[in-house]
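Comments concern the structure below.
Labels below follow one simple rule: chain letters A, B, ... track the order of the sequence lines, proteins then strands, and each chain is numbered from 1. Keep in mind it's a predicted model, so treat the numbers as computed, not measured.
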Amino acid sequence: MQRYVSLNQNKDFLRLYYRGKSCAKPSVVVYAAKNRAGVCRIGITTSKKIGNAVERNRSRRIIKAAWQNVFRDNQIKGNWDFVFVARNKTKFQKSTVVANAIADSLKELGIIDEKRSD
RNA sequence: AGAGUGAGUUGGGCAGUUGCGGUUUGCUUUUUGCAAAACGAGGAAAGUCCGAGCUCCACACAGCAGGGUAACGGCUAACGGCCGCCGAGGGUGACCUUAGGGAAAGUGCAACAGAAAUAAACCGCCUGAUUUCAGGUAAGGAUGGAAAGGCGAGGUAAGAGCUCACCGGCGUGCAGGAGACUGCACGGCCAUGUAAACCCUACCCGGAGCAACAUCAACAGAAUUCAGGAAUACCUGAGCGCCAGCUGGGCGAAUAUUCGAAAGAUGGCUUGAGCCUUCGGGCAACUGAAGGCCUAGAUAGAUAAUUGCCUUAAAAGACAGAACUCGGCUUACAGACUCAGUCGCAAA
RNA sequence: GCUGCUAUGGCGCAGUCGGUAGCGCGCAUCCUUGGUAAGGAUGAGGUCACCGGUUCAAAUCCGGUUAGCAGCU
């Protein structure tokens with residue numbers, strides 16, 4: 001299993017916000033777009049509205065753990081860039097809840113198959 | 001048992017599964033990848049309010065300007081910090097608070113009210129004159145935060161430190177103390193408040209900050225001047241750039257420097273005024289010796305997710321995330337625990 | 001991470017060597033007009049971001065807190 005590759009350029013985030021497909025859930029917002037990098041890359045946004053540094057770090061870790069569960073349990077067609085935006089509820093939720101939310105979002109966007117996500 | 005005071009500790013633990021960060025070791029070996037091991041956020045990491053180390057700017061210089069501190073003695077690398085102690089204020093008490101030099105060097109300000117605000121006569125009182133006034137007087141009234149030291153007695157035409165006792169303040173002398181200061185005696189009777197207003201006195205401070213700075217890579221542009229003497233090299237004068245503000249003074253010039261543009265890699269980056277234990281010195285802050293230990297170094301940013309058990313009356317919950325590093329201060333903080341004083345009540 | 005600046009009526013701003021806080025636009029009422037706009041008159045609206053200190057007295061001086069904004073490779 002390969003570790004995640006993170007997005008760190010502001011232009012990558014802007015590209016997903018303007019060009020990518022999006023799906024909003026109460027716990028997390030997902031943006032997705034295809035890339036040519038050969039791997040799947042993710043970026044996590046935690047704004048100052050979430051809270052102080054501890055709460056932002058907490059949200060980031062929960063999303064990262066949820067993404068690792070989704071990436072392990074599902075087959076992703078092609079290479080995509082993802083941006084996950086934390087919301088106010090994220091820091092109070094378990095990572096399993098957030099993982100279900102991400103999986104549902106990716107199904108709606110047609111990135112993963114319905115069958116494999118049991 | 002109750003109320004209250006001070007000081008300190010802690011800030012969940014254990015195990016399983018899936019994962020993360022740099023380090024070390026081994027295998028593979030151009031990078032890289034794989035495996036194993038131990039380690040991996042705080043008491044405030046926060047605010048950035050002080051003080052230092054470190055780096056660059058003349059290994060940093062002088063004067064002015066500017067800023068800071070403020071009883072006294074000590075501790076410290078240093079400090080605006082800490083300890084002790086003095087004065088003042090508060091509390092029945094344990095104890096707490098305290099930017100606490102100088103207003104007799106000078107200047108400014110003191111609104112409104114009040115007759116008058118640093119200088120005195122509005123009412124009143126007394127004397128002369130006789131209803132216009134002149135003089136004396138700070139006892140009493142009224143205003144104010146503050147009204148000419150307070151209060152009592154003598155004294156006087158009425159009054160007044162005019163005189164006296166006590167208290168307060170100032171000065172001098174003596175005694176005690178390391179000193180601030182305290183106690184006693186004597187003297188004269190004067191001094192509003194404000195210095196977190198300017199200021200004076202004493203002491204301290206050069207500037208900027210790890211996004212500093214160094215090396216490598218990359219880079220399209222601009223500037224590096226003029227005069228005189230001389231030998232292209234040097235000297236003199238002016239200019240330019242840098243040296244936190246001004247003045248002096250200093251430094252600089254072609255594989256170099258400065259400005260601009262671009263923003264990438266590596267170092268700086270963790271062994272340090274370090275931590276623990278024992279013994280010694282000191283009332284204490286702190287310090288000396290011996291022994292032991294190595295305890296985060298990321299660069300969009302690593303400590304997570306999930307399950308079970310323990311602790312708890314119950315629920316793992318408060319405040320909160322290192323970013324060059326230390327010493328403090330301030331602010332935020334659920335719960336739990338320890339120690340030492342105090343007060344009144346009851347009982348013995 | 002570091003360095004600065006700001007907070008005053010609904011909005012934009014004065015006032016900061018202390019002495020009872022104002023201006024413009026906006027708002028309300030009245031006048032003017034057949035009616036409206038413009039104009040004129042009157043009025044309301046303020047914990048001077050918050051907490052403490054100095055002072056007789058603080059928007060102002062001093063310390064702390066909160067929020068917002070700007071700059072630095």
Integer angstrom distance from the [atom1] of [N] to that of [M]:
{"N": "B:rC333", "M": "B:rC61", "atom1": "P", "result": "47 Å"}
{"N": "B:rG100", "M": "C:rA59", "atom1": "P", "result": "23 Å"}
{"N": "B:rC198", "M": "B:rA185", "atom1": "C1'", "result": "43 Å"}
{"N": "B:rG291", "M": "B:rG13", "atom1": "C1'", "result": "32 Å"}
{"N": "B:rG168", "M": "B:rU137", "atom1": "P", "result": "32 Å"}
{"N": "B:rC246", "M": "C:rG9", "atom1": "P", "result": "40 Å"}
{"N": "B:rA77", "M": "B:rG93", "atom1": "C1'", "result": "43 Å"}
{"N": "B:rA302", "M": "B:rG42", "atom1": "P", "result": "16 Å"}

Open item on the list: Could you check whether any side-chain heavy atom of A:W67 comes within less than 4.5 Å of a side-chain heavy atom of A:F84, counting everything from C-beta outward?
Closed with: yes
Open item on the list: Using side-chain heavy atoms (C-beta onward) and a distance below 4.5 Å, is A:V28 in contact with A:I102?
Closed with: yes
Between [X] ([atom1]) and [N] ([atom2]), how many Å, whole number?
{"X": "A:R58", "N": "B:rA318", "atom1": "CZ", "atom2": "P", "answer": "11 Å"}
{"X": "A:I63", "N": "B:rG19", "atom1": "CD1", "atom2": "P", "answer": "21 Å"}
{"X": "A:R56", "N": "B:rA302", "atom1": "CZ", "atom2": "P", "answer": "12 Å"}
{"X": "A:N57", "N": "B:rG21", "atom1": "CG", "atom2": "P", "answer": "16 Å"}
{"X": "A:E55", "N": "B:rA304", "atom1": "CD", "atom2": "C1'", "answer": "17 Å"}

Under the rule syn = chi within 90° of 0, otherwise anti, which is [N]?
{"N": "B:rA41", "result": "syn"}
{"N": "B:rG6", "result": "anti"}
{"N": "B:rG252", "result": "anti"}
{"N": "B:rA197", "result": "anti"}
{"N": "B:rA254", "result": "syn"}

- [ ] Please evaluate the base of B:rG321 for a donor-acceptor partner in the side chain of A:R60 within a cut-off of under 3.5 Å?
- [x] no
G-U wobble or Watson-Crick pairing nucleotide for [N] (cut-off 3.5 Å, both distances):
{"N": "B:rC219", "result": "none"}
{"N": "B:rC72", "result": "B:rG84"}
{"N": "B:rU17", "result": "B:rA305"}
{"N": "B:rA185", "result": "B:rU172"}
{"N": "B:rA253", "result": "none"}
{"N": "C:rA14", "result": "none"}
{"N": "C:rA7", "result": "C:rU66"}
{"N": "B:rA197", "result": "B:rU107"}

Open item on the list: Pair A:K25, A:E108 - check salt bridge (Lys or Arg N to Asp or Glu O under 4.0 Å), show working.
Closed with: CA-CA 11 Å; A:K25 295 288 178 184; A:E108 290 183 16; 3.1 Å; yes
Atom pair [atom1] ([X]) and [atom2] ([Y]), whose distance is rounded to the nearest 0.5 Å:
{"X": "A:Y31", "Y": "A:S105", "atom1": "OH", "atom2": "OG", "value": "12.0 Å"}
{"X": "A:D104", "Y": "A:C23", "atom1": "CG", "atom2": "SG", "value": "8.5 Å"}
{"X": "A:K21", "Y": "A:L106", "atom1": "NZ", "atom2": "CG", "value": "10.0 Å"}

Open item on the list: One pair to check against side-chain contact (heavy atoms from CB on, under 4.5 Å): A:V83 and A:I44. What are the steps and the verdict?
Closed with: CA-CA 6 Å; A:V83 166; A:I44 301 169; over 6 Å; no
Task: Which nucleotide in B:rA305, B:rU303, B:rA302 has an atom nearest any side-chain atom of A:R61 - done: B:rU303
